[in-house]
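Sequence positions, counted from 1, serve as the residue numbers for this chain. Source: prediction; values computed, not measured.
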Amino acid sequence: MGKGFKMVELIWDGKYDKDGKRVAPLRVKLPFQTVETVSESAQQRQMALDFSGKQTEWRNRLIWGDKKYVLPSLQDEFAGKIDLIYIDPPFNVGADFSFTADIPDIPETQYDESMSFYKAASVIEQKAYRDTWGKGLDSYLQWFAETMQLLRELLSENGSVFVHLDYHVGQYAKVVLDEVFNSENYVNEVIWHYKRWPTPTPTFQKMHDNIYWYAKELGKHRFTRLYGERTESTLRRWKDRKITAFHDEEGKRIPSGSQDQPSEGAPLDDVWDISIVAPVAHERTGYATQKPEALLERIIAACSKDSDIVMDCFVGSGTTAAVAEKLGRRWIACDLGRFAIHTTRKRLLGIPGVKPFVVQNLGKYERQSWQAAEFGSKKQAEAVQKDYRKFILELYAARPIEGYAWLHGIKDGRMVHVGSVDSPVAPNDVTQICIEFKKAIGTGKDAPKVAAVDVLGWDFAFEINEVSIQQAKEAGISLRCLKIPREVMDPKAVEQGDVKFFELAALSVKTKVKKNELFLELADFTIPPDDVPEDVQKAIKHWSQWIDYWAVDWDNRDDTFHNEWQTYRTRQDPSLNLKTSHVYEEPGEYTLMVKVIDILGNDTTKVLKVTV
């Protein structure tokens, strides 16, 4: 800074508390749970573990969760270790988490043509939107400043951050970035210029976004100069060589390969003409805010090197992760939207030779934190559990009852069990529920009036929706399993009455063994219709149209789901194979896990035992 220069401060409502102290970001650090390992062979699986069974090799990470929990939870492991961060945060007050879901056609059965339907944002996604924009620009700036502070702490001393915005908030966000990173570490403003269909407007049509580039420490940041397209005369001289759109200062092609001679193109400047992702483009995923791979190729190639860690905590359709993978970088990708995580997973699997990666969330730890904050307040554990169950029962419109260990409420004559935040509802829990139900018949005013129980749970043990229903049926009890949604942790959703409990989906699988080969076929799949418009339900002519993706772990060892085989629909090929097979090298009994992802991004898992 020049001598005597004093930076102007941007003040917003919420920046300081009533005592004039700067409001700091939430710093709840929670452990991550790995829920799936993708594209890892049996050999890689064994080599990546030490003698204690702990992961020793790096795995790229796809994380589903709220950034206010995810970013602090990354600090212990990654503070000062992330080499490049690109974010494309919400910057349009009209943006949301909604998406268009496709119902595929099934050509071989000559069903109706495929159709699409609009899927509104979930209430947990709406909460994130309210947290960001609830008080207009003030709440956006507070949210943005807290996010950037946490991201700065994750950057290495050679690291850079690229923040992608537009005219809605760009000028305000730039001042916040100057404050968080120090204006002396500002490197560039890149203008991404793109073409759109001309429309009559009373202004110059808006056809660019702003990307602000800051270094953790100016002068130490990585940078490889890139060169643009060569002139016609140069191209004629290089006509027998492989030419790409841009090159580094040593003449190396980007994203891969190299030139034998230095580039003769002009160095790239700060205005980039790159086309938007066309509706018919091969890389198109259906996300309205999807960014082109060519844009991320330039950023990642210029500001990181092989094996550097690249991070995007608003990964959306997965462009950053896909490009980082193709360029040989390690990556961490996060998003709040379940559908974003599923879209990114499919996109990565479409990359030939994709390296193994894990899908993670904060699972029960996020719920434990919520329960302690909401009901803890120095009370005994039993009192906390009682208040927690009462809260869930009220949201389910059930009346709490006393005197039972496994039966906690009653609704429309049906008894209700509320599962713990700590563990999934297991078959043994259902056994205890059935035993207590039988004992409770005719014992008082809260005795069962109908032979029926609703089991509410955050998570359920695999297959419980089928095994437990059959188990209860044998005991003469009608049982339903319903998922407690994450929305119960959002006070606004609770206040507005937006919390809904949905029954679990059911999956049927056929198996046949011939010698050492297992043949597997999906036989049926049903999902509760509550969250699907009626016209969409009518458009489904075959149960397989609900399925977007399915995967198999051929030898699960009571750990995370290992995705060892998968098939899925794409825009280019919407068909889906319902059969697969696997050859086992050794005879024996194996635990088989099948995971199905429906067209809304929800997953259903089934466990089978097979002997070969």
Side-chain angles (χ1 to χ4, degrees), residues 37-41 44 47-48 55-63 74 77-87 151 154-162 187-188 190 211 213-228 242-263 265 267-268 272 283 291-313 315 318-334 344 347-358:
T37 301
V38 185
S39 194
E40 182 180 72
S41 68
Q44 289 172 316
M47 290 171 60
Q55 188 87 33
T56 57
E57 289 187 4
W58 169 267
R59 289 289 179 262
N60 292 323
R61 299 164 76 159
L62 181 57
I63 303 171
L74 287 168
E77 186 177 356
F78 291 104
K81 296 181 181 178
I82 306 296
D83 301 293
L84 174 62
I85 297 173
Y86 166 86
I87 60 170
L151 290 177
L154 289 169
L155 276 180
S156 70
E157 65 173 11
N158 306 118
S160 292
V161 62
F162 285 75
V187 185
N188 264 120
V190 173
I211 305 174
W213 172 17
Y214 283 78
K216 178 72 170 283
E217 190 171 341
L218 193 68
K220 292 186 177 180
H221 63 285
R222 301 199 201 290
F223 179 61
T224 299
R225 188 178 302 279
L226 303 180
Y227 289 79
K242 177 72 173 175
I243 304 297
T244 57
F246 56 97
H247 308 73
D248 68 16
E249 59 192 343
E250 296 176 352
K252 292 181 180 177
R253 291 193 299 115
I254 304 299
S256 62
S258 63
Q259 299 289 356
D260 298 327
Q261 300 178 23
S263 165
L268 287 180
W272 297 353
E283 66 185 79
K291 300 303 181 288
E293 290 193 7
L295 183 70
L296 270 299
E297 282 177 358
R298 290 191 180 186
I299 292 171
I300 294 173
C303 295
S304 67
K305 59 182 180 60
D306 286 353
S307 298
D308 273 0
I309 303 177
V310 176
M311 179 178 170
D312 185 347
C313 58
V315 77
T319 302
T320 303
V323 173
E325 177 70 29
K326 292 175 182 178
L327 293 182
R329 276 47 164 179
R330 293 179 290 167
W331 52 264
I332 300 172
C334 321
T344 300
R347 188 169 179 179
L348 289 163
L349 284 166
I351 299 173
V354 63
K355 290 183 286 296
F357 63 94
V358 295

Check whether any side-chain N or O of N158 sits under 3.5 Å from a backbone N or O of K220 as a donor-acceptor pair, and report yes or no.
yes
Which heavy-atom pair separates G228 from L268 by the least distance, and what is that distance?
CA-CD2, 3.7 Å
Pairwise side-chain contact, L74 with L154, heavy-atom cut-off 4.5 Å (strictly under)
yes
What's the spacing between F78 CZ and I309 CD1 if we round to 0.5 Å?
5.5 Å
Can you classify the ring geometry of W213 versus H221 as parallel (below 30°), tilted (30 to 60°) or perpendicular (above 60°)?
perpendicular
E293 meets the salt bridge (charged side-chain N to carboxylate O under 4.0 Å, His left out) criterion, sequence neighbours left out, with K326, R347
Could you go through the side chain to side chain contact (heavy atoms under 4.5 Å, CB included) check for T224 and K305 one step at a time?
CA-CA 9 Å; T224 299; K305 59 182 180 60; over 6 Å; no
N60: what forms a side-chain hydrogen bond (donor to acceptor under 3.5 Å, both in side chains) with it, not counting sequence neighbours?
W58, E325
If you round to the nearest 0.5 Å, how far is CG of L151 from CD1 of I82?
9.5 Å
By salt bridge (charged side-chain N to carboxylate O under 4.0 Å, His left out) - contacts of R61 (at least two apart):
E77
State, to 0.1 Å, how close I87 and C313 come at their nearest heavy-atom pair, and which atoms those are.
CG2-SG, 3.8 Å
Looking only at heavy atoms, which two atoms of D312 and V315 are closest? And how far apart?
OD1-N, 3.6 Å
Residue set satisfying side-chain hydrogen bond (donor to acceptor under 3.5 Å, both in side chains) with E283, at least two apart, ordered chain then number -> none
Side-chain heavy atoms of L84 within contact of D308, under 4.5 Å
no
Over all atoms of both residues, closest heavy-atom pair of L226 and A302
CD1-CB, 3.9 Å
Can you confirm whether V190 sits close enough to R298 that some side-chain heavy atom of one is under 4.5 Å from a side-chain heavy atom of the other?
no
Within the side chain of S160, is there an N or O that forms a donor-acceptor pair under 3.5 Å with the backbone of C303?
no
Under the ring pair (Phe, Tyr, Trp, His ring centres under 6.0 Å) test, which residues partner Y214, sequence neighbours left out?
F181, Y186
What pair of heavy atoms forms the shortest contact from S304 to V310, and how long is it?
OG-CG2, 4.3 Å
Please enumerate all residues that pass ring pair (Phe, Tyr, Trp, His ring centres under 6.0 Å) together with W272, with sequence neighbours excluded.
none
In chain order, what residues pass the salt bridge (charged side-chain N to carboxylate O under 4.0 Å, His left out) check against D83, with sequence neighbours excluded?
R222
Would you check if F357 and K355 make a side-chain contact, meaning some heavy-atom pair closer than 4.5 Å?
no
Going by the rule side-chain hydrogen bond (donor to acceptor under 3.5 Å, both in side chains), which residues pair with T344 if we only count those two or more places apart in sequence or in a different chain?
none
From CA spacing to verdict: side chain to side chain contact (heavy atoms under 4.5 Å, CB included), W331, L348:
CA-CA 12 Å; W331 52 264; L348 289 163; 3.4 Å; yes
Counterpart residues, salt bridge (charged side-chain N to carboxylate O under 4.0 Å, His left out), relative to K81 (two or more places apart):
none
Apply side chain to side chain contact (heavy atoms under 4.5 Å, CB included) to L155 and V161, showing your working.
CA-CA 8 Å; L155 276 180; V161 62; 4.2 Å; yes
Atom of S39, atom of P356 and distance for their closest heavy-atom approach:
O-CG, 3.4 Å
SB check R329 D306 (cutoff 4.0 Å):
yes
